[in-house]
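These notes concern the structure reproduced below.
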Amino acid sequence: MKKEKKNWKELPIGLAWESGSSKEFETGDWRSDKPIWDEKKCTHCLICWIYCPDSAIIVKDGMVQGIDYRYCKGCGICAEECPPKIKAIKMVREEK
């Protein structure tokens, strides 16, 4: 039986805490900025994937496929770490 995922609003209050990661809690609505990935500029070096603290960079067969916005908190690390000559990821203001 597949475990249903919780979002951050369903976290217990106080010291009662379930161990886990952002894979168990959809935290994407915390963002004020979001990364936009440009597939045409991307060289699939995977530096963004290595540095992403939320495992929000989608990779398949060694190639970036996109960004999973359900888990991306908008920290901007992926855009900062993307090589300067490439800049395949840029941060933009989140529109809600």
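Below, all heavy atoms of this structure are taken into account, side chains as well, without hydrogens, waters or symmetry copies.
Side-chain atoms of Y69 do not come within 3.5 Å of backbone N or O of D29 as any donor-acceptor pair. R31 places no side-chain N or O within donor-acceptor distance of the main-chain N or O of E94, the cut-off being under 3.5 Å.
Minimum interatomic distance between I67 and I58 (heavy atoms only, all atoms of both residues): C-CD1, 3.8 Å.
Shown here are the side-chain contact (heavy atoms from CB on, under 4.5 Å) partners of C52, two or more places apart in sequence or in another chain: D54, A56, I57.
Hydrophobic clustering (ILVMFWY, side-chain heavy atoms < 4.5 Å, transitive): I36 and W30 are in distinct clusters. The cluster map of Ile, Leu, Val, Met, Phe, Trp and Tyr, joined by side-chain heavy atoms under 4.5 Å apart, puts Y51 and Y71 in different clusters.
Note that SG of C42 and CD of Q65 are 9.5 Å apart. Values are rounded to the nearest 0.5 Å.
Contacts classified as side chain to side chain donor-acceptor pair (under 3.5 Å) and involving residues 33-44 (residues at least two apart or in different chains) are given here: D33-R93.
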Identify every side-chain donor-acceptor pair in residues 75-91 under 3.5 Å, counting partners at least two apart or on other chains, and give the distances.
{"from": "K87", "atom 1": "NZ", "to": "A79", "atom 2": "O", "distance (Å)": "2.8"}
{"from": "K87", "atom 1": "NZ", "to": "C82", "atom 2": "O", "distance (Å)": "3.2"}

